[in-house]
Amino acid sequence: MMKKLSRVLSPLLIAFLVLGSFSVAAAPQPAPSGSLVSTQDALSADQVSADRERINEMLSRQDVQDQLVAQGVDPADVEARVAALSDAEVRQMAEQLDDLPAGASVVGALVFIFVLLLVTDLLGLTNVFPFTR
């Protein structure tokens, strides 16, 4: 019974698949609109726009604006120059922003050392501060 059913259904299934593929093959192809955009190009464009946005966010901070004005630079000119940067220049500037120390200063190091000594003194490992006893 199953062999008879498969002998009848197999040719029908093959015929339907072949006929179904003709409509796909005969479908009009869209006209090429220049060159194709690769995945790498699309990701690179997204990265450049994210870098440009990060640079603009950093430049819009109030302390940065104050420093620009103190140096005699108009913040509007800075925004115009950032907008005029090429993709490679934006990438390079973003890399330089990544390399800058974030809040690194002598005061930060002194506060870290004070807190470290305070914690070790509270734990009884050192005897630096008399007010912890």
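Under the 3.5 Å distance criterion, the side-chain polar atoms of S6 are matched with a main-chain donor or acceptor of K3.
Applying the side-chain contact (heavy atoms from CB on, under 4.5 Å) criterion to Q67, with sequence neighbours excluded, gives Q71. Every residue two or more places apart in sequence or in another chain that forms a side-chain contact (heavy atoms from CB on, under 4.5 Å) with N56 is listed here: R52, V82. Under the rule for a side-chain contact (heavy atoms from CB on, under 4.5 Å), the partners of R61 that lie at least two apart in sequence or sit in another chain are M58, D63, V64. Considering only residues two or more places apart in sequence or on other chains, Q62 meets the side chain to side chain donor-acceptor pair (under 3.5 Å) condition with D66. Not counting sequence neighbours, Q65 has no partner by the side chain to side chain donor-acceptor pair (under 3.5 Å) test.
The two residues A94 and I55 make their nearest non-hydrogen contact at N-CD1, 4.2 Å.
Contacts classified as side-chain hydrogen bond (donor to acceptor under 3.5 Å, both in side chains) and involving residues 83-94 (residues at least two apart or in different chains) are given here: S86-E89.
D51 CG to E53 CD: the interatomic distance, rounded to the nearest 0.5 Å, is 10.0 Å.
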